[in-house]
Amino acid sequence: MNAQDNCIFCKIVAGQLPSNKVYEDDDMLAFHDIHPKAPVHLLVIPKSHVDSLADCGAGEGQVLARMMLKVPELARAAGCSNGFRTVINTGPDGGQEVYHLHLHVLGGPRHAWKGPLP
Ligand code: AMP
Ligand code: ZN
């Protein structure tokens with residue numbers, strides 16, 4: 001059995017688990033975080049499983065760049081009119097809970113959510 005067989009984000013990619021999707025293409029998926037830590041809280045993931053940023057190599061370079069470049073458009077479309085925060089938690093000390101690389105996009109009026117990172 002591969003690590004990704006039990007990966008909730010791989011199951012979302014495969015359509016085996018539901019998600020509130022906001023964007024999808026051949027390489028990536030973006031959806032609303034199930035427990036939002038801000039008025040806007042999106043997750044952007046590569047479709048192809050990789051555990052974390054620390055496990056990325058040159059092979060992930062293109063999708064990482066595409067994810068990053070997509071963020072401003074997704075944030076704007078989700079209602080972030082005045083900026084947003086991007087976070088990638090990596091490993092135990094980075095607070096990573098789901099071991100499928102994901103980029104958090106957090107936004108909305110700052111007074112509504114200023115606080116600890118997700
Ligand atoms: P991290 O701590 O960076 O690994 O963050 C994992 C994030 O995934 C948390 O913010 C969770 O709320 C979110 N999450 C976990 N399961 C789901 C799910 N099924 N759909 C959407 N978001 C999820
Ligand atoms: Zn996965």
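As the structure lists them, so they are numbered: ligands from 1, and atoms in each ligand from 1. All heavy atoms count here, side chains included; hydrogens, waters and symmetry mates do not.
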When you measure from [atom] to every protein heavy atom, which one gives the shortest distance, and what is it?
| atom | answer |
| --- | --- |
| atom 4 (O) of ligand 1 | Glu97 N, 2.6 Å |
| atom 9 (C) of ligand 1 | Asp33 OD2, 3.3 Å |
| atom 14 (N) of ligand 1 | Ile34 CG2, 3.8 Å |
| atom 1 (P) of ligand 1 | His102 NE2, 3.1 Å |
| atom 19 (N) of ligand 1 | Ile12 CD1, 3.9 Å |

Is there a path of hydrophobic side-chain contacts, each under 4.5 Å between heavy atoms, that joins Met68 and Val50?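 Yes, Met68 and Val50 fall within the same hydrophobic cluster.
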
Tyr23 with Leu29, same ILVMFWY side-chain cluster at under 4.5 Å: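 In one cluster: no.
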
Between [X] and ligand 1, is there a nitrogen or oxygen pair with a distance under 3.5 Å?
| X | answer |
| --- | --- |
| Lys37 | yes |
| Pro18 | no |
| Phe31 | no |
| Asn89 | yes |

Within a radius of less than 6.0 Å around CD of Glu24, do more than 12 heavy atoms belonging to other residues, nucleotides or ligands occur?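 Enclosed: over 12 neighbouring heavy atoms sit under 6.0 Å from CD of Glu24.
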
Show the atoms of ligand 1 that are less than 4.0 angstrom away from any heavy atom in [X].
| X | value |
| --- | --- |
| His35 | 12 (O) |
| Ile8 | 15 (C), 16 (N) |
| His32 | 21 (C) |

Taking Arg66 first and then Asp25, would you say they form a salt bridge - that is, a charged N and a carboxylate O separated by under 4.0 Å?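 Salt bridge flag = yes for Asp25 with Arg66.
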
Determine the sole option in His49, Lys47, Lys11 for which the side-chain hydrogen bond (donor to acceptor under 3.5 Å, both in side chains) test with His100 is passed.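 The passing option is His49.
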
Whether Gln96 side chain and Leu101 backbone form a donor-acceptor pair below 3.5 Å: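 No, because the side chain of Gln96 does not come within donor-acceptor range (under 3.5 Å) of the backbone of Leu101.
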
Closest heavy-atom contact between Pro39 and Pro109?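 In this case the closest contact between Pro39 and Pro109 is CG-CD, 4.3 Å.
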
Looking at ligand 1, does Gly95 have a heavy atom less than 4.0 Å from it?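 Yes, that is the case, since the closest heavy atom of the residue is under 4.0 Å from the ligand.
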
Just to check, does Leu17 reach to within less than 4.0 Å of ligand 1 when the distance is taken from its heavy atoms?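 For ligand 1, residue contact (heavy atoms, under 4.0 Å) with Leu17 is absent.
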
Assess, by modelled atom type and distance only, whether the side chains of His41 and His32 contain a donor and an acceptor separated by less than 3.5 Å.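 Side chains of His41 and His32: no pair found under 3.5 Å.
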
Of the side chain and backbone of Leu43, name the one, both, or neither that has a heavy atom under 4.0 Å from an atom of ligand 1.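 Near ligand 1, Leu43 shows its side chain, while the N, CA, C and O stay back.
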
Select one of side chain, backbone, both or neither to describe which atoms of Tyr99 lie under 4.0 Å from any atom of ligand 1, heavy atoms only.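 Neither; nothing of Tyr99 gets under 4.0 Å from ligand 1.
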
Nearest 10°: the angle subtended at the Zn ion (ligand 2) by His49 ND1 and His100 ND1?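 Computed angle, vertex at the Zn ion (ligand 2), rounded to 10 degrees: 110°.
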
